[in-house]
Amino acid sequence: MNQKIKDASIPTIPLNARFSRWFGRNLLRIYMVIGFTYLFIPVAYTFAFSFNDSGKSNLIWKGFTLSNWQNPCGAPEVCNALGNSIKIGLLATIFSTILGTMIAFAIGRYKFKGRSSSNLLIFLPMATPEIVLGASLLSLFLVFSINPGFWPTVIAHVVFCISFVVVTVKARIASLDPRLEQAAMDLYANELETFRRVTLPLVAPGIAGAALLAFSLSFDDFIITNFNSGTLITFPKFVYVSAARGIPAQANVIASAMFFLALAIVIAAQLVKRKKTR
Amino acid sequence: MSFPKVRVPYLLLLPGFVFLFTFFILPIINLAQTSTQTPLSGGDTGEYEQTLAFSNYIQAFVENKEQFGRSFLYATLATIFALAIAYPLAYAIAFKSGKYKNILLVLVVAPFFTSFLLRTVAWKQILGEEGFVVPGLRALNIIGEQTTLTSTSVAVVAGMTYNFLPFMTLPLYASLERIDPRTIEAAGDLYANGLTAFRRVTVPLSMPGVVAGTLLTFIPAAGDYVNAAILGSPNTKMIGNVIESRYFKIVDYPTAAALSFTLMVAILILVTLYIRKAGTEELV
């Protein structure tokens, strides 16, 4: 027996070395696999439990069913909450993208007095913890006897989305080749035409990305929403409130559907981009 | 254009800054005011009058210094762990992923699209008694029968690390991706070995990403109360939990405001010192 292992082990010496060499060369790849597994474990868990035949509390696996997917609004309030989150998200995205893009053009394109303090004003909301933003807005609304609810929530979301829009669009503006605009001007385009036909189309992907970011930040926000929404239920609020007594599987269905929808949008955008650069 | 050119940037800034002034600066000023109010004598719960009770700050801090300490400790730990996990990941995507770069980048952001609350609740279930991790570790005798993973500070820090990981990875990737590979080759030509080249060339060039990533992780983590509420126990309460309950359960606005203001100022001071030390001016 011993002899056998010894015989077999003659070629295994390089095997061992080969393994460690392979390991060294692929260390980062192995790491990537572990890293992505870690990132996706709870996503996979959420997706799997959207098929759970769970009844009211989706804590323990009880059996496979498609009924949650066939009836995503089956749990009380869940679709109402989703609808509110989508409405708030869209409004917050529209307002913050318009305001933020204008600021980004001002800061990215012009040298003017007060430019660095403008930068600071944009940085401050990002450096303020959400709970402080939410709490301070709530106390302002209380002073003016404005009841928390739908519009206060939209306003609160615009506040924290603006800075992210500015940073994203500004980065895009900074990466533009100024020669393209100079070329347009050389070809007798006036400033407005140059902006409309050259600058804006070039910045558009940045604006689209910023809008997507703003929507996902707004849609997933809980802390600021919790302070300013009063009795209005949004999707994250629904999850938080029902976490104590068990989250219905329909919430998992909606979260999984959002995941695949967003993934499809991002991949489609990547494909369009690739097609254009070719 | 009809108006003088100098005015263009100001006109562009105007609507956004009016909005930010009304709904960001004004609330902060109001918060500072609220923080020095005292209960109205003979008034109902939740009625306060403006005095200049700066003692609110001392009282609020003394009562909650433990939670303050915990917030900064947990946020620091979560930031360090997130940096340790995200740096190799961002490095691998930036330098070793070839044509799969964009797909991998999408995959980093993808977990974002599932509600973060649901993912946190999922962690609670995965790490809980009914999940597969605890029975697995017990079967392998790695943890004892009594040891649990949820309702501990470990779970809270792990949850924060997980939830803020994309905020760390993206800026790191952005600055690593911008590094010209020829600078690293040049280090090799000058007889630096791989490790030296990494330490003396790659790391310094990626510092803007490190600074941005650590800030984007640390700031929300320090004010977070969701992870502590879902994954923690009363012994892991952070300052966010205190502010939340002061607002909603006790209707003690002045203390909540004083705590919020202290948290904001503390974070701003830390951030300013950190940016000075790290020496990155063009952050945003």
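Numbers restart at 1 for each chain; the letters A, B, ... are given by sequence-line order, proteins then strands.
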A.B. asks: Would you mind telling me which of B/L259, B/L263, B/T262 makes a side chain to side chain contact (heavy atoms under 4.5 Å, CB included) with A/V132?
C.D. replies: B/L263
A.B. asks: Does atom OH of B/Y100 have more than 12 heavy-atom neighbours, drawn from other residues, nucleotides or ligands, at distances under 6.0 Å?
C.D. replies: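 Atom OH in B/Y100 is not crowded, with 12 or fewer foreign heavy atoms closer than 6.0 Å.
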A.B. asks: Looking at CD of B/Q33 and OG of A/S136, how far apart are the two atoms once the value is rounded to the nearest 0.5 Å?
C.D. replies: 12.5 Å
A.B. asks: Let's test your reading of the structure: which of B/P111, B/A92, B/S260 forms the most heavy-atom pairs below 4.5 Å with chain A?
C.D. replies: B/P111
A.B. asks: Report which part of A/L39 has an atom under 4.5 Å of a heavy atom belonging to chain B: side chain, backbone, both, or neither.
C.D. replies: both
A.B. asks: Sort A/V159 into side chain, backbone, both or neither according to what part of it lies under 4.5 angstrom from a heavy atom of chain B.
C.D. replies: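 Both backbone and side chain.
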A.B. asks: Of the backbone (N, CA, C, O) and the side chain (C-beta and beyond), which part of A/S116 lies under 4.5 Å from a heavy atom of chain B, both, or neither?
C.D. replies: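 Contact with chain B involves no heavy atom of A/S116 at all.
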A.B. asks: What orientation do B/Y225 and A/F227 show, parallel under 30°, tilted 30 to 60°, or perpendicular over 60°?
C.D. replies: perpendicular
A.B. asks: Given heavy-atom pairs under 4.5 angstrom as the criterion, report whether the side chain, backbone, both or neither of A/L263 touches chain B.
C.D. replies: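 Looking at A/L263, backbone and side chain both touch chain B.
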A.B. asks: Measuring from B/F17:CZ to A/I103:CD1, what's the distance to the nearest 0.5 Å?
C.D. replies: 5.0 Å
A.B. asks: Within a reach of under 6.0 Å around NZ of A/K237, are more than 12 heavy atoms found that belong to other residues, nucleotides or ligands?
C.D. replies: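 Above 12, so yes.
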A.B. asks: If we only count heavy atoms from C-beta on, is the B/P15 to A/M102 side-chain gap below 4.5 Å?
C.D. replies: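 Answer yes - side chains close enough.
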A.B. asks: Please classify the contact of A/K113 with chain B as side chain, backbone, both or neither, using a heavy-atom distance under 4.5 Å.
C.D. replies: both
A.B. asks: Please evaluate residues B/F116 and A/F222 with respect to the criterion ring pair (Phe, Tyr, Trp, His ring centres under 6.0 Å), reporting the C-alpha separation (whole Å), side-chain torsions for both, the decisive distance (0.1 Å), and the verdict.
C.D. replies: CA-CA 9 Å; B/F116 99 95; A/F222 170 71; 7.5 Å; no
A.B. asks: Answer with side chain, backbone, both or neither: which region of A/V166 has an atom nearer than 4.5 Å to a non-hydrogen atom of chain B?
C.D. replies: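 A/V166 has no heavy atom closer than 4.5 Å to chain B.
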A.B. asks: Using non-hydrogen atoms only, which part of A/N190 is less than 4.5 Å away from chain B: side chain, backbone, both, or neither?
C.D. replies: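 Contact with chain B involves no heavy atom of A/N190 at all.
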A.B. asks: Check B/P27 against A/L137 and note the closest heavy-atom contact, atom names and distance.
C.D. replies: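 Taking B/P27 first and A/L137 second, the nearest heavy atoms are CB-N, 3.9 Å.
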A.B. asks: B/L107 versus chain A, heavy atoms under 4.5 Å apart: side chain, backbone, both or neither?
C.D. replies: both
A.B. asks: Taking the side chain as every heavy atom from C-beta outward, state whether B/V108 and A/F36 have any atom pair closer than 4.5 Å.
C.D. replies: yes
A.B. asks: Can you tell if the side chain of B/F21 reaches within under 4.5 Å of the side chain of A/L121, non-hydrogen atoms only?
C.D. replies: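 Counting from C-beta outward, B/F21 and A/L121 never come under 4.5 Å.
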A.B. asks: Tell me, for B/V109 versus chain A, whether the close heavy atoms (under 4.5 Å) come from the side chain, the backbone, both or neither.
C.D. replies: neither
A.B. asks: Quick check on B/P220 against chain A: is it the side chain, the backbone, both or neither that has a heavy atom closer than 4.5 Å?
C.D. replies: neither
A.B. asks: More than 12 heavy atoms of other residues, nucleotides or ligands under 6.0 Å from NZ of B/K101: is that the case?
C.D. replies: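 Atom NZ in B/K101 is packed in, count exceeds 12.
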A.B. asks: A/F47 versus chain B, heavy atoms under 4.5 Å apart: side chain, backbone, both or neither?
C.D. replies: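 Nothing of A/F47, per the 4.5 Å heavy-atom cut-off to chain B.
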A.B. asks: Side chain, backbone, both or neither: which part of A/F112 has an atom under 4.5 Å from a heavy atom of chain B?
C.D. replies: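 For A/F112, backbone and side chain are both near chain B.
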A.B. asks: Measuring from B/I267:CD1 to A/T128:OG1, what's the distance to the nearest 0.5 Å?
C.D. replies: 8.5 Å
A.B. asks: With a 4.5 angstrom heavy-atom cut-off, is it the side chain or the backbone of A/A262 that approaches chain B, or both, or neither?
C.D. replies: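 The answer is both parts of A/A262.
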A.B. asks: Determine, step by step, whether B/Y162 and A/Y38 satisfy the side chain to side chain contact (heavy atoms under 4.5 Å, CB included) criterion, reporting the C-alpha distance in whole Å, the side-chain angles of both residues, the deciding distance to 0.1 Å, and the verdict.
C.D. replies: CA-CA 8 Å; B/Y162 176 81; A/Y38 170 65; 3.4 Å; yes
A.B. asks: Any chance you could measure A/S50, atom OG, to B/L118, atom CG, to the nearest 0.5 Å?
C.D. replies: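 Between atom OG of A/S50 and atom CG of B/L118 there are 10.5 Å.
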A.B. asks: Heavy-atom distances under 4.5 Å only: say whether A/L138 touches chain B with side chain, backbone, both or neither.
C.D. replies: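 When you check distances to chain B, only side chain atoms of A/L138 fall under 4.5 Å.
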A.B. asks: Which region of A/L142, side chain (C-beta onward) or backbone (N, CA, C, O), has a non-hydrogen atom less than 4.5 Å from a non-hydrogen atom of chain B, or is it both or neither?
C.D. replies: side chain
A.B. asks: Once you round to the nearest 0.5 Å, how far does CG of A/D220 lie from OG1 of B/T114?
C.D. replies: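 One gets 8.5 Å once the value is rounded to the nearest 0.5 Å.
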